Amino acid sequence: MHNILVLPGDGIGPEVVAEAVKVLEHLHDEFGLKLELAHGLVGGASYDATGSPLPDVTLAAARGADAILLGAVGGQKWESLDIAVRPEKGLLGLRAELGLFANLRPARLYHQLADASTLKPEVVAGLDIMIVRELTGGIYFGRPRGIRTLENGEREGYNTLVYRESEIERIGRVAFDIAMRRGKRVCSIDKANVLECTELWREVMIRTGKDYPDVELTHMYVDNAAMQLVRRPRQFDVMVTTNMFGDILSDCAAMLTGSIGMLPSASLDATGKGMYEPIHGSAPDIAGKGIANPLATILSVAMMLRYTLDEPVLAERIERAVERVLDTGLRTADIHSEGTQKIGTVAMGDAVVAAMAD
Ligand code: IPM
Ligand code: MG
């Protein structure tokens, strides 16, 4: 029996999660997936109901679950709150408390969506990148941090970029292991020309890479990596990088595929337990309109089946269904182009379920 905690969160989170749950329930009803679903609160919705973006009951349920399906957190409504209780703290708290240090963000272009990319089709055709982002360290969590007042009365904000060798090595191993199952190339992204912390990052990556003689390891400064992603993105196989660089580069990589609404993610601990979420945010501007793209969340369920629940055949069934739906020309607004049919969130979820039949 797989225990799954569902955390819809804010904005479009509940809408896209409902469609992914539909897919999970269909796997339960029709394909024998043993499943127990529980629901919980996180983010702004949780703050409104309980005063905390990550209440103890949610954290306890998350610890007890085999896997977590999360929508998105955040929104303008909560932006003026103290940073300690902002919706984002709910997400960061889950990552940190559960030790979900390995964030896998695949950016793959569906050939049906080549027109949806803002880049020329010949630049993005066949794009298939895996970004491995360190998720529980770096400047997101480093101390000291804060805003202090100097003697002259001026305020100063500060954060700390810090990585231990063991943290770098374990995310490196995740990237090398994944590369072994893909194109056997890892590009490590740093800013070793300026930041000592990432000078160490590079050194540890080189050392760790010696255990993977079949994998080609290269290095790139993050500014160049951002440029190369839009210039010649197909040069990349696996990219491994720090928490903040990974945050930025994965949004950039997502857009190469046409829409950030297509990209799933997995955040894994050392045992393979994970939290699964679309990489897009809560998109408050389109929340409640029934037009959000649920495919990133549905594809996150496929990642859950593959990486945590050990059900690769069911994962493929979902991925094939998504391909088929795209083949038939059905599109949500974000990926819609001339000659295709625009549909809403619920209709897209229904279409995927229908396409799972064979
Ligand atoms: C992401 C998001 C989060 C992050 C925010 C919501 C805290 O941008 O998952 O990429 O910065 O990690
Ligand atoms: Mg981000």
Side-chain angles (χ1 to χ4, degrees), residues 7-14 16-17 20 41-47 52-54 58 62 68-107 129-142 145 159-161 163 167 171 189 222 225-226 229 239-257 259-269 274-285 287 292-293 296-297 299-300 303-304:
L7 302 173
D10 308 320
I12 60 171
V16 292
V17 163
L41 285 170
V42 74
S46 175
Y47 175 81
S52 161
L54 180 58
T58 298
I68 300 153
L69 178 66
L70 186 131
V73 298
Q76 230 160 20
K77 182 175 170 199
W78 302 284
E79 264 165 27
S80 57
L81 289 177
D82 187 276
I83 199 163
V85 291
R86 268 190 226 150
E88 289 77 3
K89 273 286 173 215
L91 182 57
L92 297 172
L94 280 169
R95 290 172 180 171
E97 292 294 327
L98 301 180
L100 306 172
F101 70 93
N103 186 210
L104 314 187
R105 300 190 159 189
I129 302 173
M130 176 66 91
I131 297 185
V132 178
R133 168 188 177 194
E134 200 292 326
L135 203 59
T136 53
I139 200 165
Y140 270 52
F141 293 95
R145 63 188 296 156
N159 289 88
T160 304
L161 172 61
Y163 272 113
E167 291 177 290
I171 194 67
I189 312 299
V222 63
L229 268 177
M239 300 173 92
V240 62
T241 191
T242 63
N243 203 342
M244 186 161 76
F245 294 165
D247 178 47
I248 298 166
L249 293 179
S250 61
D251 267 33
C252 180
M255 210 45 223
L256 303 175
T257 70
S259 170
I260 198 165
M262 292 298 296
L263 264 64
S265 78
S267 305
L268 304 173
D269 74 2
M275 181 158 81
Y276 296 83
E277 53 178 313
I279 90 154
H280 61 68
S282 58
D285 52 320
N293 186 347
T297 317
L299 290 166
S300 298
M303 287 189 90
M304 176 191 289

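Being a predicted model, the structure only gives us computed values, none of them experimental. Whatever order the structure lists ligands and atoms in, that order sets their numbers, starting from 1.
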Check whether [X] reaches the backbone of [Y] with its side chain - one donor and one acceptor, N or O, closer than 3.5 Å.
X: R86; Y: L81; answer: yes
X: D269; Y: G99; answer: no
X: T58; Y: L41; answer: yes

Say whether Y140, considering both its backbone and side-chain N or O atoms, lies within less than 3.5 Å of an N or O atom on ligand 1.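 Yes: some nitrogen or oxygen of Y140 is under 3.5 Å from one in ligand 1.
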
Residue among E88, E277, E134 satisfying salt bridge (Lys or Arg N to Asp or Glu O under 4.0 Å) with R95: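 Per the salt bridge (Lys or Arg N to Asp or Glu O under 4.0 Å) rule, the option paired with R95 is E277, out of E88, E277, E134.
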
Let me check your reading of the structure: within less than 2.8 Å of the Mg ion (ligand 2), is there an N/O/S atom from D247? yes

Sub-4.0 Å heavy-atom contact, D247 with ligand 1: yes

Proximity flag R133 to ligand 1, non-hydrogen atoms under 4.0 Å: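 Yes, that is the case, since the closest heavy atom of the residue is under 4.0 Å from the ligand.
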
Any side-chain heavy-atom pair of Q76 and P284 under 4.5 Å: no

List every atom of ligand 1 that sits less than 4.0 Å from any heavy atom of E88, numbering the atoms from 1 in the order shown and giving each element. 6 (C), 7 (C)

Which ligand 1 atoms does R95 reach within 4.0 Å, using its non-hydrogen atoms? 1 (C), 4 (C), 9 (O), 12 (O)

Hey, is R105 touching ligand 1 through its side chain, its backbone, both or neither, going by heavy atoms under 4.0 Å?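 Only the side chain of R105 comes within reach of ligand 1.
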
Where's the contact between H280 and ligand 1, heavy-atom distance under 4.0 Å: side chain, backbone, both or neither?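 Answer for H280: neither.
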
Starting at OG1 of T242, measure out to CG of D247 and round the result to the nearest 0.5 Å.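 Nearest 0.5 Å value for the OG1-CG distance: 9.5 Å.
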
